[in-house]
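Residue indices begin at 1 and follow the sequence shown.
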Amino acid sequence: MSAQIIPFRIEQKSDGELRISDTELSERLGYAEVRNFRKVIRKNADDLREFGLLRQIDAKGRGRSERVYWLNRAQAIHAVYRSDTADAGKIAVSLTKAFDALIGSQPVTKDLLRLSILSPEVRVWEKRFERPFFDNLHRVLGVARSSRNNH
């Protein structure tokens, strides 16, 4: 997708979730300093944690390191509405569209299967490893079989 279609820099992080940085949102909301938007995030941190883990990453700032918040879809939209800027409503709508466009372009993965998004009829085709597989695996590797599960 090109930048003309989706004006936000939304990134897929290592956990597979789409996130947007607080610096990107503060820039779109028209804050002169990103720290003013971070005050909004800290003020509403309890509300934002209702939508998932509030992730902070240390990044190199202007001469010193700073904590950058990476917000998921729900957290970002909630934070935009809480910012009380003049264009917050319009930005929240375009942000929702941007996330939806990216989610719609995601391929079907095992993560989606785990989330039970697909019907039970499709889940039947998931690969299962029965007990004989693990018996043979332990035999071939020469490893003693645990009395617990096979993870």
Side-chain angles (χ1 to χ4, degrees), residues 1-130 133-134 137 141 143 146 148-151:
M1 290 191 200
S2 67
Q4 293 84 15
I5 297 172
I6 299 174
F8 296 97
R9 290 185 300 266
I10 299 172
E11 298 179 17
Q12 187 169 14
K13 292 300 180 184
S14 59
D15 62 353
E17 191 166 19
L18 297 172
R19 296 187 178 277
I20 188 167
S21 70
D22 60 354
T23 53
E24 172 76 12
L25 286 175
S26 68
E27 181 182 306
R28 302 290 176 176
L29 289 167
Y31 282 100
E33 297 280 332
V34 68
R35 65 181 164 183
N36 295 331
F37 184 61
R38 288 184 181 144
K39 287 178 186 176
V40 172
I41 292 173
R42 283 192 293 275
K43 181 180 174 185
N44 297 291
D46 291 334
D47 294 342
L48 295 174
R49 285 189 188 99
E50 292 287 323
F51 300 112
L53 187 64
L54 190 56
R55 299 202 188 266
Q56 297 178 13
I57 298 174
D58 288 326
K60 187 75 172 164
R62 296 180 190 158
R64 63 178 189 176
S65 65
E66 58 184 13
R67 292 236 153 185
V68 176
Y69 289 97
W70 284 91
L71 307 172
N72 65 24
R73 177 181 185 253
Q75 290 170 336
I77 294 167
H78 187 75
V80 167
Y81 276 121
R82 290 297 197 151
S83 68
D84 292 330
T85 58
D87 292 333
K90 292 177 187 175
I91 292 170
V93 169
S94 61
L95 183 63
T96 303
K97 289 179 182 179
F99 268 104
D100 287 344
L102 284 174
I103 290 170
S105 68
Q106 295 288 321
V108 176
T109 62
K110 288 184 180 180
D111 295 332
L112 292 177
L113 288 172
R114 276 191 222 108
L115 292 172
S116 299
I117 291 174
L118 298 177
S119 66
E121 293 84 22
V122 175
R123 290 183 60 87
V124 172
W125 294 97
E126 275 187 302
K127 189 171 241 179
R128 294 187 191 142
F129 296 100
E130 302 297 332
F133 170 80
F134 290 103
L137 181 66
L141 294 176
V143 178
S146 171
R148 294 180 168 182
N149 62 16
N150 292 312
H151 296 299

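In this structure, Asp87 does not pair ionically with Arg28, as no charged nitrogen and carboxylate oxygen lie closer than 4.0 Å. Between Glu17 and Arg73 there is no salt bridge, since no side-chain nitrogen of the basic residue lies less than 4.0 Å from a carboxylate oxygen of the acidic one.
Between Leu54 and Ala45, the closest heavy-atom pair is CD2-CB, 4.0 Å. The two residues Ile57 and Trp70 have their closest heavy-atom pair at CD1-CD1, 3.5 Å. Ser26 approaches Val34 most closely through the heavy-atom pair OG-CG2, 3.3 Å. Across all their heavy atoms, Ala79 and Val40 have their closest contact at O-CG1, 4.2 Å.
Here the CZ atom belonging to Arg19 is positioned 8.0 Å from the CG atom belonging to Leu71, to the nearest 0.5 angstrom. For the atom pair Tyr69 OH and Thr23 OG1, the distance stands at 13.0 Å (nearest 0.5 Å). Atom CG of Leu25 is separated from atom CD1 of Ile91 by 8.5 Å, given to the nearest 0.5 angstrom.
The local environment of CD in Glu50 is sparse, with at most 12 non-hydrogen atoms from other residues, nucleotides or ligands closer than 6.0 Å.
Here the side chain of Gln75 pairs a donor or acceptor atom with the backbone of Gly52 at under 3.5 angstrom.
Shown here are the ring pair (Phe, Tyr, Trp, His ring centres under 6.0 Å) partners of Phe37, two or more places apart in sequence or in another chain: Tyr31.
With Asp22 as reference, Arg38 is the one residue of Lys39, Arg38, Arg67, Arg42 to meet the salt bridge (Lys or Arg N to Asp or Glu O under 4.0 Å) rule.
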